[in-house]
Amino acid sequence: MAEYVELVEMGPRDGLQNEARLIPAEEKIALVDALSSVGFARIEVASFVSPKWVPQMADGAEVLAGITRKDGVSYMALTPNLKGFERAMAAKADEVAIFGSASEGFSRANINCSIAESLERFAPVVEAAQKQRVKVRGYVSCVTDCPYDGPTPPEKVAEVAKALMDMGCYEISLGDTIGKGDPGTITAMLEAVLAEVPADRLAGHYHDTGGRALDNIEASLGLGVRVFDAAVGGLGGCPYAPGAKGNVATEAVAARLAELGYATGLDLRRLEAAARMARNMR
Ligand code: HMG
Ligand code: MG
């Protein structure tokens with residue numbers, strides 16, 4: 001039997017957060033509902049960040065209230081601090097994610113604090129989540145390159161990933177935020193991280209700005225990573241990472257994985273329909 005690789009759908013959050021047009025909640029809800037039928041176990045649908053920083057995500061509670069929840073799907077939300085966590089719980093997010101960076105420049109630009117300060121802010125979020133038995137995922141951004149600081153030392157990625165795991169994150173998603181990584185830099189980064197965090201606790205989150213995301217996924221598969229983040233229609237980017245244009249497209253990853261002989265459990269016809277919907281939202 002083909003080995004399973006999980007794709008975590010990022011379209012409604014990482015995909016839409018950077019769109020210039022303020023997308024109405026109904027359109028976001030329609031996209032999430034289309035994605036719910038595809039077969040994903042996890043869909044990131046909202047982020048409870050400052051609405052002044054990311055106006056596109058201000059309607060997260062409305063989106064979570066409006067979707068038709070499918071059994072077996074975890075609807076995830078980003079939570080940068082306790083205030084975000086409380087908003088996510090009020091909106092009934094199934095799980096949350098904290099998001100740090102391996103580079104100081106991006107940490108400042110994205111969440112307005114140093115890496116060390118961010119870890120201090122995340123700890124009470126994880127503590128509160130654990131009390132309520134809510135799972136917490138951790139992101140590390142700029143795992144190979146930073147738009148402000150240049151190349152990221154692999155050891156720094158390993159240090160932040162380990163700190164998030166030790167704090168209680170069940171999985172660490174490694175973000176090539178500006179899509180500048182290639183199989184060489186991704187491999188060097190993963191080798192450092194794998195010395196601290198086992199492969200079954202890692203996910204690859206590769207943006208496709210440089211056109212290498214599929215190759216980076218293949219390199220990561222070779223090192224044992226079996227979870228990848230992707231966004232339908234290749235939507236997305238990060239508002240605080242200039243040039244971070246698209247997440248790798250879920251349909252392209254699913255096709256490459258099928259070619260390589262892996263099973264994703266996704267309904268490819270429904271995935272294509274959701275991708276068409278996503279592309280029309282731009
Ligand atoms: P700050 O200004 O330093 O925070 O922002 P603060 O605590 O001083 O609060 C300032 C104001 O924001 C206050 O309101 C707070 O109440 C409010 P005021 O008194 O001025 O009216 N506030 C909030 N409001 C709603 N929800 C909250 C919240 N927190 C504070 N949770 C903060 C710090 C982290 C809040 C801000 O920098 C922020 O929101 N940043 C988010 C940036 C973001 O969302 N980036 C995109 C997601 S990350 C990403 O895409 C990368 C990823 O995909 C992986 C990869 O690709 O690498 C995950
Ligand atoms: Mg991202």
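We count ligands from 1, going down the list as the structure has it; atoms in each ligand are counted the same way. Computed from a prediction, not measured in an experiment: that's the story for all the values here. For the numbers below, each heavy atom of this structure counts, side chains included, while hydrogens, waters and symmetry mates do not.
In this comparison of Leu174, Asn110, Val49, the heavy atom closest to atom 42 (C) of ligand 1 sits on Asn110. Of the candidates Thr177, Ile111, Val140, the one placing a heavy atom closest to atom 33 (C) of ligand 1 is Ile111.
Between Arg137 and Asp229 there is a salt bridge, with a side-chain nitrogen of the basic residue lying less than 4.0 Å from a carboxylate oxygen of the acidic one. By the 4.0 Å N-to-carboxylate-O rule, Arg42 lies too far from Glu9 to be salt-bridged with it. Taking 4.0 Å as the cut-off between side-chain N and carboxylate O, Arg256 and Glu218 count as a salt-bridged pair. In summary, Glu86 and Lys83 do not engage in a salt bridge, as defined by a charged side-chain N under 4.0 Å from a carboxylate O. In this structure, Arg69 pairs ionically with Asp94, as a charged nitrogen and a carboxylate oxygen lie closer than 4.0 Å.
The side chain of Arg13, and not its backbone, has at least one atom closer than 4.0 Å to an atom of ligand 1 (non-hydrogen atoms only; side chain from C-beta on). The side chain of Pro51, and not its backbone, has at least one atom closer than 4.0 Å to an atom of ligand 1 (non-hydrogen atoms only; side chain from C-beta on). Heavy atoms of Val143 found under 4.0 angstrom from ligand 1: none, in either backbone or side chain. For Pro80, every heavy-atom contact with ligand 1 shorter than 4.0 Å involves the side chain, none the backbone.
Atom-to-atom distance recorded for Asn247:CG and Arg13:CZ is 7.5 Å, nearest 0.5 angstrom. Rounding to the nearest 0.5 angstrom, the gap separating the OG atom in Ser220 from the CG atom in Leu194 is 9.5 Å.
In this structure, Met10 does not count as a contact residue of ligand 1, since none of its heavy atoms falls inside 4.0 Å of the ligand. Using 4.0 Å as the threshold, Met57 has no heavy atom nearer than that to any atom of ligand 1. Using a 4.0 Å heavy-atom cutoff, Ser101 is absent from the residues neighbouring ligand 1.
Side chains of Tyr139 and Ser101: a donor-acceptor N/O pair is absent below 3.5 angstrom, by distance only. Side-chain atoms of Tyr148 and Glu104 form no donor-acceptor pair, as typed in the model, at a separation below 3.5 Å.
No chain of hydrophobic side-chain contacts below 4.5 Å, direct or via other Ile, Leu, Val, Met, Phe, Trp or Tyr residues, connects Leu268 to Tyr4.
Close approach to His207 involves these atoms of ligand 1, each under 4.0 Å from a residue heavy atom: 56 (O). Annotation for ligand 1: atoms under 4.0 Å from non-hydrogen atoms of Gln17 are 46 (C), 47 (C), 49 (C), 50 (O). For ligand 1, the atoms lying closer than 4.0 Å to a non-hydrogen atom of Lys52 are 18 (P), 20 (O), 21 (O). With ligand atoms numbered from 1 in the order given, ligand 1 contributes 1 (P), 2 (O), 3 (O) to contacts under 4.0 Å with heavy atoms of Asn112. Heavy-atom contacts of Ser141 reach the following atoms of ligand 1: 51 (C), 54 (C), 55 (C), 57 (O) (cutoff under 4.0 Å). Per-residue contacts place Asp14 under 4.0 angstrom from the following atoms of ligand 1 (heavy atoms of the residue considered): 50 (O), 53 (O). Residue Asn81 has at least one heavy-atom neighbour below 4.0 Å for each of these atoms of ligand 1: 27 (C), 28 (C), 29 (N), 30 (C), 31 (N), 35 (C). Distances below 4.0 Å separate heavy atoms of Leu78 from the following atoms of ligand 1: 47 (C).
Geometrically, ligand 1 and Gly84 share a nitrogen or oxygen pair separated by less than 3.5 Å. Residue Val54 has no nitrogen or oxygen atom sitting less than 3.5 Å from a nitrogen or oxygen atom of ligand 1, judged on distance alone. Note: an N/O pair closer than 3.5 Å links Ser50 and ligand 1 by distance alone. Not one N or O of Tyr139 is nearer than 3.5 Å to an N or O of ligand 1, by distance alone.
At least one side-chain heavy atom of Arg270 sits less than 4.5 Å from a side-chain heavy atom of Val38. Annotation: side chain of Arg201 is not in contact with side chain of Glu171 (no heavy-atom distance under 4.5 Å). Taking the side chain as every heavy atom from C-beta outward, Val5 and Val227 never approach each other to under 4.5 Å.
The Mg ion (ligand 2) lies at the vertex of an angle of 100° between the OD2 atom of Asp14 and the NE2 atom of His207 (rounded to 10°).
In His205, the N, O or S atom that comes nearest to the Mg ion (ligand 2) is NE2.
Heavy atoms only, all atoms of each residue included: Pro151 and Asp145 are closest at CA-OD2, 3.9 Å.
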